[in-house]
Every structure is written in structure tokens, then in C-alpha cells.
Amino acid sequence: MSDPLRHHGGNLAEARARFGEGPWLDLSTGINPVAWPVPPDRTADLGPLPDPAALAQLEAAAAAQFGVSPALVCAVPGSEMGLRLLGPLLGGRACHRVPGYRTHGAAFADSLPVSPAAPVPGDARLLLANPNNPCGTLLDWPALETLLAERTAAGGWLIVDEAFVDAHPAASIAPLVGDERRLIVFRSFGKFFGLAGLRLGFVIAPSPLVARYRALLGDWPIDATALAIGTRAYRDRAWIDATRTALALRATAFDTLLRAHGLAPEGASPLFRLVSHPDAADLFERLARAHILVRPFDYAPRWLRFGVPADPQALDRIDRALRHG
């Protein structure tokens, strides 16, 4: 069995069991540590079943943020679930880019891992993340359009997981989704808005596939709390714009700290940074003993991924742990 701390981020229970109780700083995920402020009055009526009109309002608010028609958007209880349902709904053989998000390999049965430089065989569906997770590599529109043209000509599909793209709105290929294109995009609510426990995501796809998702998910796929909070958050343009600016500033400050300790940060996403280090295992242990949790990888022992911390106090704490061990 693989080490739980190397399987995915956010496993604080395992970290506490291994390194002790205390005030932990969890940097093992790419979730925004400064969440959208849920208003005290933003409570949902949990008595009745969720209102279908509220689901339509949520999808319309999200669609406006994504730059697509609401008819092409289907809300799901987390993009993770949306990905896992895709293989049975779409069918066909598939490839997933590696290194990448672990769930991509499980979305389709017998999906073939391929490197960015490797050709995609035949009419296979190609699943990748933009920005990539965990590397943070960001593909531009020309590169994505080339991949889409290649998959279309071969009779395949391009599937893009944009879980971290909210900080890079110009990089999103979602506006190209349409019934005439073989393109599917996934978006996550929880990462940018810092509310991953809400379990809310979206599939942006041609309308026949959206209809298949709706039929499989049933009448009440999203709970009333997620409907209310998600709709209001996506309509909060001032917070979204300010957060994009703040994330970039925090990432720049964190890069400066990492470089001061001889660590070269990689990646374009302001939500996380990847570091490659020959003593990554020792570095992970040193930080964990200081109750700072970062993400190691079972398939890349030289890698550590750091979520970008929220404030100067967190930076100081990381600085002390890296200086003193």
C-alpha cells in the first residue's frame, strides 16, 4: 500500500498521527488559503429538496465566469466525480498526460499514460490538465488549438481539466466548447474560491454529453448549500478580480523565499509551486517536524509541491523551518 501522504494532498490526519498534534500549516494542496468569505446571512433552507431553478442560476453564473453558454454547462458534485463519470459516458480508448493528476489515469478504463512529447495513438481521447498539476505548466491557446485539431482529425476528443485555471482566465479553452467541436472542459469551484469541502465542479461539453451527465446524476445533483454559495461567489466579480491580483503577489513573495533557500520554484499557477531537490525526502521530514505539511510524490522522489501560503506570518514560519531544520 502506498504512503497516504504521497498519494494525495490534504491528509492532515495522517500527518498528525505521524508527526504529532499542533498548529499545522497545510501546504500540501493547491487550494486557495484565503477563501471566498461566506456571508453570515448566506444560509440555505435545507428542509425542501433543492430547487431546479437554483441549479439553473448556479450554472448560469458559472457559465458567465467561464465565457460559455449555460446550455453547455453541467454542475457536478466535484470535478473529481465528473472526471470519474466521463469514461463510462463517453467511451472509447484514452490517454492521459503524465506527469499529471492521479485521477486522470482512472477516468477511462485502461487509459494509456503519455508524455507531452509522445504521439497520441489513433482516435484516443486525450486528457490533460491546464495548468498541469503538479508541475504547473501552462499551455497557451495555440498549443491547445493544435491538440484539438489533431484529436478532431483523428476522430478523438480533447479533454482539458482546468481545475486551476481561474487564476489564468485568458488561458481557458472553455469558450471553444460547442456542439460542433470534440472538446470537453472541467472546472473546479473549490480550489480558486478556497472552499474545497463544498464539493462543486462543472463539466463544459457539447449538449448531447451534458444531457447524458444530467440523466446519470438525476434530479438533485447539487445540495442547497453549494447552490447558494456557488452562485453568489461566481457573481462576486470584485472578489474574483482582487483575488487574482493577490494570488500573483503572494506567489512572487513565496518564490523569493524559496530561492533564498536554494530552492528553484517551478510552475505558472499562483496557487502552488513545484520544487525538485535531491534531498526532498529529508526536506519533507524537516518541514513536517515543524508541523508544515507539503506534498511528496511516490512516483517522483525528488519532487515536493508547496501550496502558496496566505500571509507573511506563514512565510516567516516556513523560513524558520528551512533555516533551522
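Side-chain atoms are counted along with the backbone in the values below, which use heavy atoms only and exclude waters and symmetry mates.
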May I have all residue pairs that pass side chain to side chain donor-acceptor pair (under 3.5 Å) and include part of residues 245-258, sequence neighbours excluded?
-> N32-R250, D255-R273
Any side-chain heavy-atom pair from P208 and D179 closer than 4.5 angstrom?
-> yes
Considering only heavy atoms from C-beta outward, does the side chain of L195 approach that of L200 to under 4.5 Å?
-> no
Centre of F297's six-membered ring, under 6.0 Å away, within 45 degrees of the axis: is that where NZ or CZ of R295 sits?
-> yes
Indicate yes or no for a side-chain donor-acceptor contact from W36 to the backbone of Y234 under 3.5 Å, with no hydrogens or angles considered.
-> no
Exam field: side chain R302 to backbone D279, donor-acceptor pair closer than 3.5 Å | no
Should the pair D223-R199 be classified as a salt bridge under the 4.0 Å nitrogen-to-oxygen rule?
-> no
Do L127 and S111 come within less than 4.5 Å of each other through their side chains, counting heavy atoms only?
-> no
Q65 and R187: side chain donor to acceptor below 3.5 Å | no
Would you check if T137 and N130 make a side-chain contact, meaning some heavy-atom pair closer than 4.5 Å?
-> no
Starting from the C-alpha separation in whole Å, work towards a yes-or-no answer on side chain to side chain contact (heavy atoms under 4.5 Å, CB included) for T103 and R84.
-> CA-CA 8 Å; T103 296; R84 291 183 180 275; 3.5 Å; yes
side-chain contact (heavy atoms from CB on, under 4.5 Å) partner of V177, the single match among I204, V203, V73 = I204
Okay, side chain of W141, backbone of A170: is any donor-acceptor separation there less than 3.5 Å?
-> yes
May I have all residue pairs that pass ring-ring contact (aromatic ring centres under 6.0 Å, His included) and include part of residues 81-102, sequence neighbours excluded?
-> Y101-H104
What is the ring orientation for F66 with F202, classed by angle as parallel under 30°, tilted 30 to 60°, or perpendicular over 60°?
-> perpendicular
Go through the steps to decide whether L183 and I159 satisfy the test side chain to side chain contact (heavy atoms under 4.5 Å, CB included), and finish with yes or no.
-> CA-CA 6 Å; L183 173 65; I159 305 157; over 6 Å; no
Closest non-hydrogen atoms of L217 and P221, given as atom of the first, atom of the second and distance, are CB-CB, 3.9 Å
State plainly whether the residues R232 and D236 are in salt-bridge range, i.e. N to O under 4.0 Å.
-> no
Plane angle bin for Y213 and F186 - parallel if under 30°, tilted between 30 and 60°, otherwise perpendicular = perpendicular
Please answer whether the main-chain N or O of A124 pairs with a side-chain N or O of R151 as donor and acceptor at a distance below 3.5 Å.
-> yes
Verdict with reasoning, L247 to V308, per side chain to side chain contact (heavy atoms under 4.5 Å, CB included) = CA-CA 8 Å; L247 286 173; V308 174; over 6 Å; no
Would you mind reporting whether L227 and L55 have side-chain heavy atoms less than 4.5 Å apart?
-> yes
A63 and S69 have their tightest heavy-atom pair at CB-C, 4.1 Å
Residues R286 and D282 bridged, charged N to O under 4.0 Å = no
Kindly say whether G100 contributes a backbone atom to a donor-acceptor pair with the side chain of N133 at under 3.5 angstrom?
-> no
Any sub-3.5 Å donor-acceptor pair from R125's side-chain atoms to D123's backbone N or O?
-> yes
Within the side chain of E162, is there an N or O that forms a donor-acceptor pair under 3.5 Å with the backbone of I173?
-> yes
Can you check salt bridge (charged side-chain N to carboxylate O under 4.0 Å, His left out) on E59 and R214, steps first, answer last?
-> CA-CA 13 Å; E59 290 175 343; R214 293 197 190 284; 3.0 Å; yes
Which pair of non-hydrogen atoms, one from G190 and one from I31, has the smallest distance, and what is that distance?
-> O-CG2, 3.8 Å
Stepwise, does the salt bridge (charged side-chain N to carboxylate O under 4.0 Å, His left out) test hold for R237 with D241?
-> CA-CA 6 Å; R237 292 297 318 172; D241 292 342; 3.1 Å; yes
For residues H261 and D319, is any side-chain donor paired with an opposing acceptor at under 3.5 Å?
-> yes
Does a side-chain heavy-atom distance below 4.5 Å link N11 with S28?
-> no
Whether H277 side chain and A264 backbone form a donor-acceptor pair below 3.5 Å = no
Are R97 and D161 within salt-bridge range, i.e. N to O under 4.0 Å?
-> no
Please confirm whether the backbone N or O of H291 pairs with a side-chain atom of R317, one donor and one acceptor, at under 3.5 Å?
-> yes
So, for P37 and W239, which heavy atoms are closest and what is the spacing to 0.1 Å?
-> CD-NE1, 3.4 Å
Which pair of heavy atoms, one from L176 and one from R181, lies closest together, and at what distance?
-> O-NH1, 2.8 Å
Tightest non-hydrogen contact, residues C74 and V210, listed as CB-CG1, 4.0 Å
